[in-house]
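A quick write-up on the structure given underneath.
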Amino acid sequence: MESSNLFLLMLTLGAVAFYIGRSRSLLVAKPLGGIRHLHSLPNYYGLNALLWCALPSLIILVLWLIFDEPVINSIIMGSLPADIAPASLADYNLLLNKISNLADGIMSSKGQPASLIAVADSMAGLRVISQWSLTALCLILAVIGLYWGWYKIAAEFRARQSVEKVMENLLLGCACLAIFTTVGIVFSVLFESIQFFRSVPFFDFVFGLDWSPQTAIREDQVGSSGSFGAVPLFVGTLLISAVAMFVAVPIGLMSAIYLAEYSGKTVRTYAKPALEVLAGVPTVVYGFFAALTVAPFLRDLGADFGLTISSESALAAGLVMGVMIIPFISSLADDVITAVPQTMRDGSLAMGATHSETVRRVVIPAALPGIVAGVMLAISRAIGETMIVVMAAGLAAKLTANPLESVTTVTVQIVTLLTGDQEFDSPKTLAAFALGLMLFTVTLLLNIFALHIVKKYREQYE
Amino acid sequence: MDNLPKIKRSLKRRSRSETRFRWYGRIAIILGLAAVFTLFVDIISKGHGAFKATYIQLEVHYDPEVIGINSLTDKSLLMQANWDAVPKQALRNSFSDVSGRRDKRKLYKLVSNGAGFDLKDRLLANPDLFGKTETRWILVDDDIDTYYKSWLDGEPYAARLSAKQVQWIDQLHQQGQIRLQLNTNLLTRGDSREPEQAGIRGAVVGSLLTLLLTLMLSFPIGVAAAIYLEEFAAKNRFTDFIEVNINNLAAVPSIIFGLLGLAVFINFFHVPRSVPIVGGLVLTLMTLPTIIITSRAAIKSVPPSIREAALGMGASRYQVVIHHVLPLALPGMLTGAIIGMAQALGETAPLLMIGMVAFIVDIPQGFTDPATVLPVQIFLWADSPERAFIEKTSAAIMVLLSFLLIMNISAVWLRKRLERRW
Amino acid sequence: MSEAKTAPQKTIDVSSQSKQDLQVDVEQATVGVPFCENPKMSMRNVNVFYGDKQAIHDVSVDIAKNEVIAMIGPSGCGKSTFLRTLNRMNDTVDTCKVSGNIQLDSDDIYQKGLDVVELRARVGMVFQKPNPFPKSIFENIAYGPKIHGLADSRVDLDEIVEGSLKKAGLWAEVKERLHQPGTGLSGGQQQRLCIARAIAVSPEVILMDEPCSALDPIATAKIEELIEELSQNFTIAIVTHSMQQAARVSNRTAYFHLGKLIEVNPTEQVFTMPEHQLTEAYITGRFG
């Protein structure tokens with residue numbers, strides 16, 4: 001039976017179980033004099049039956065679907081006859097695809113070697129067996145579960161407790177999904193990166209100065225250069241981020257100070273949301289703006305002044321990225337500044353300090369941990385930003401500190417490496433994962449450090 | 001007091017410093033607002049033109065001989081019929097003085113490549129037109145469209161036109177047979193290589209399907225996780241670990257999620273690329289931290305007195321949550337979900353990684369049809385060299401921003417309307 | 001203006017004292033000796049509004065040079081508000097409006113051209129809850145002199161800091177840890193730090209808003225000692241909840257009731273033979 005139909009069948013059986021369970025509990029209750037003599041409400045007995053019926057079978061269904069194909073594939077590929085055994089990893093995947101298509105009937109079997117057809121047939125056979133056993137297993141589990149749930153119904157049976165225990169575990173599972181995601185990220189990125197570091201040594205990658213990821217398409221193209229020195233990427237990323245911070249920190253901080261300390265109510269009610277709009281604009285829009293408006297404008301402006309500004313300059317991309325980050329810094333700074341107790345300001349004002357002196361010498365130093373943390377988070381954001389740089393920054397890795405030139409960043413390279421037509425396992429695509437690992441680690445460290453700063457220095461003025 | 005003269009001397013300098021400081025603040029805000037203003041003005045000025053397209057008026061004769069079929073019922077015949085001949089003939093009739101193959105080819109370039117198919121659709125919808133003639137407004141080619149719009153603006157861009165074509169357009173304009181009309185293609189068609197036929201409908205539907213999936217997955221899971229963490233979790237290191245993970249995930253760059261989707265969903269689980277399912281899964285993982293954090297805040301805001309009252313009545317912890325806490329926290333959770341969806345709508349980078357970048361012409365019908373999303377469509381069009389795509393990209397951006405605006409406003413409205421003051 | 005005004009005597013009918021009699025007659029002027037010769041600060045017909053609500057009603061009083069004047073009264077009677085008009089700290093509240101005439105020596109402190117910065121250098125303030133800056137002890141004291149440009153060199157600054165700490169009676173306790181955070185001190189020490197900070201700019205008047213209400217009795221006693229010493233060089237206006245404290249530290253006492261100044265008299269007289277019935281009701285504990 002098809003998986004989706006099986007799924008629906010399980011749900012229906014579950015509904016039936018609920019109904020049966022509930023009815024039985026009512027039946028049990030009647031001679032006792034009413035449902036108050038039952039431990040739990042009838043619905044809980046029904047739910048209990050539903051869970052026993054549907055949950056085990058659904059779990060089996062999901063697990064089976066996940067592991068079905070990998071298991072079948074390894075069985076088939078593990079016992080291939082010698083004449084069609086694959087010579088390399090690329091051939092392995094190709095062969096697997098071929099067998100799979102033959103088994104599905106998508107590809108016609110005309111002209112294929114007999115052993116291949118036989119293998120394909122056995123795969124098709126395995127799949128059918130798998131499907132039937134799954135259906136049988138699920139049905140059996142469902143029926144057993146239904147019976148068990150029905151059987152357990154009695155006045156003293158603590159159905160509610162049982163249901164709530166299952167619920168609690170379900171909730172826990174959902175909460176653990178966050179951990180699984182992190183684990184998934186770490187594992188997948190790490191795994192692929194380790195494979196990468198087998199072909200390109202770690203130190204060459206992290207400290208190498210030459211980034212030109214042209215590798216052999218086929219294995220026998222030995223000797224074609226592919227240097228994966230990522231330093232130009234790091235420098236490019238830092239350059240653009242620095243330009244962005246140069247724009248965002250002064251504007252963000254000063255506007256937060258002005259809005260928090262000086263502005264009247266009307267200005268604050270309108271200007272604050274207006275600045276927050278910048279946070280809601282998707283980055284692809286910023287990228288478009290950067291590539292089609294800001295970059296040409298800067299290039300022409302530079303020409304007027306006799307400077308050659310590249311049309312993919314770090315300045316253009318950094319400028320627009322800075323604009324995007326302004327609300328980030330501004331709202332974080334606003335929060336910490338307004339959190340400084342008024343009595344501190346009063347103490348300074350009462351001494352005859354001007355408002356700006358109070359802000360500069362008392363309020364900002366008091367809010368500094370929060371502001372620094374905010375800036376670090378903003379840097380983390382800038383480093384990880386993708387679309388603006390993909391659309392407005394260059395592709396050629398250049399080692400320079402001049403914002404008027406075109407540079408490339410880590411994120412741009414990840415995108416370029418992975419949206420090509422490359423085989424998944426070639427060093428080129430694996431390099432993307434290695435870059436991803438660097439990116440993830442750096443942003444993680446920045447975030448942890450930012451949090452640590454806030455925690456450590458917060459108690460100083462409370 | 002002997003300090004007084006010293007103090008008086010410092011006053012002027014300090015007062016100047018104060019004024020300067022205030023000006024720095026004002027300038028900062030002005031710069032920020034100027035950025036917002038420039039961005040919007042730029043996009044709108046570039047994009048508003050795309051909602052109208054240029055059409056020319058021609059006499060169309062649905063001549064069976066020209067088309068090459070004699071009935072409209074046989075499907076296979078319809079496929080092979082020569083639909084392009086209809087607009088070509090109409091053009092020849094309008095400009096009877098044009099001769100020579102080269103000139104004629106230039107003439108045919110006045111209308112869009114798809115004009116023939118548009119006429120076919122019209123004929124099939126109105127079969128009684130078969131064999132008859134009617135006056136019809138036909139969509140022009142994108143080069144003509146660009147030229148005409150730029151000519152109307154006062155800065156004609158005729159680089160891609162020949163002198164004769166400019167002349168013909170001028171002639172049409174004199175005769176009142178060329179005008180701007182509402183561009184239906186933009187909102188009803190999917191992507192296309194030809195700018196004048198390209199629309200965002202495919203991308204919008206793709207976005208909708210992906211977002212729907214994201215919402216259906218991330219909201220229940222996120223709320224469940226938030227309930228667990230707030231109401232049931234013991235204060236131990238494991239719970240702390242979960243919290244640390246959530247806070248970190250909220251700050252991970254989105255492209256990393258793309259890598260995760262690529263490595264795990266596509267490579268390991270063999271979910272097909274480019275379908276809303278995988279997009280939805282990746283976006284779910286991305287929005288989950290946001291929803292968990294906002295839901296937790298909503299749950300925290302429910303006062304403990306209500307919980308205590310319910311517990312005092314003999315409700316179990318679950319009943320307290322389901323019957324009391326959840327309904328009261330729901331507005332805050334919904335607001336958080338809308339905001340999370342708005343963020344997901346604008347995401348591009350992770351979806352590029354998992355392949356929703358293909359050139360997809362058909363409008364996706366379900367979760368397993370290949371699709372793209374609006375931000376990716378914008379990204380793809382931004383790369384195209386034709387000038388007409390600049391206009392279209394900006395228009396698509398306007399549509400995207402309007403969706404986001406609606407979502408954010410509804411979130412704010414929802415929060416204001418359902419907020420309770422404890 | 002410098003003559004002592006005597007108010008019309010009102011017979012106090014002890015037998016018929018009831019809550020209703022505690023209503024204040026709008027027309028009645030302040031009893032006692034609100035005014036004096038050559039006052040340091042003088043206030044005439046001061047009204048303070050918070051939006052539509054009137055907090056201070058037509059208060060007129062003088063503060064003499066080097067005197068300690070205590071302001072007492074039940075909660076919410078406007079004493080803190082009144083104190084804050086004296087150094088224009090009420091300016092920080094948007095809805096606050098002050099009318100009337102307040103003069104420091106002979107300068108109207110609410111006149112248009114007056115720089116409030118200079119005013120607050122001449123009239124210092126100590127707050128109810130100690131509020132040292134999140135800086136070192138040294139930096140806390142040095143703050144005022146630095147911003148007003150009072151120290152020409154580091155040596156000068158050191159001298160000012162040491163002098164202020166000595167005057168505040170804190171030097172011995174902190175001289176070994178001048179560069180540690182001010183927030184690390186105990187409550188009483190923090191308040192003395194704030195007093196030292198206020199003294200460091202050599203103000204002419206020091207306003208104290210219930211300076212001991214957040215402190216323990218021993219710290220309170222230390223500060224009361226300090227106030228006595230300080231009064232030799234500074235004019236002090238202190239708001240206090242504690243009548244005993246007022247009795248201990250002040251020369252004159254002013255009694256406020258619902259925003260009006262009821263009576264100003266030498267402290268001893270206020271606490272033994274108050275002129276006004278309301279004052280008597282307050283000090284005998286009938287309310288407040």
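Proteins get letters first, then strands, A, B, ... in listed order; numbering begins at 1 in each. Any value given below was found using the heavy atoms of this structure, including those in side chains, with hydrogens, waters and symmetry copies removed. The shown structure was predicted, so the numbers you read here are calculated from the model rather than taken from an experiment.
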Closest heavy-atom contact between [X] and [Y]?
X	Y	answer
Gly352(A)	His148(C)	O-CE1, 3.2 Å
Asn87(C)	Ala350(A)	ND2-CB, 4.3 Å
Tyr143(C)	Glu357(A)	OH-O, 3.7 Å

Can you tell me how far the [atom1] atom of [X] sits from the [atom2] atom of [Y], to the nearest 0.5 Å?
X	Y	atom1	atom2	answer
Glu139(C)	Arg361(A)	CD	CZ	9.0 Å
Leu349(A)	Arg120(C)	CG	CZ	5.5 Å
Thr343(A)	Phe127(C)	OG1	CZ	6.0 Å
Gln342(A)	Thr92(C)	CD	OG1	6.0 Å
Thr358(A)	Ile147(C)	OG1	CD1	7.0 Å

Highest number of heavy-atom pairs under 4.5 Å with chain A among Met89(C), Met125(C), Arg84(C) belongs to Met89(C)

[X] atom [atom1], neighbour heavy-atom count above 12 within 6.0 Å:
X	atom1	result
Tyr110(C)	OH	yes
Phe49(C)	CZ	yes
Arg381(A)	CZ	no

Is Val123(C) in contact with chain A via its backbone, its side chain, both, or neither, using a 4.5 Å heavy-atom distance? backbone

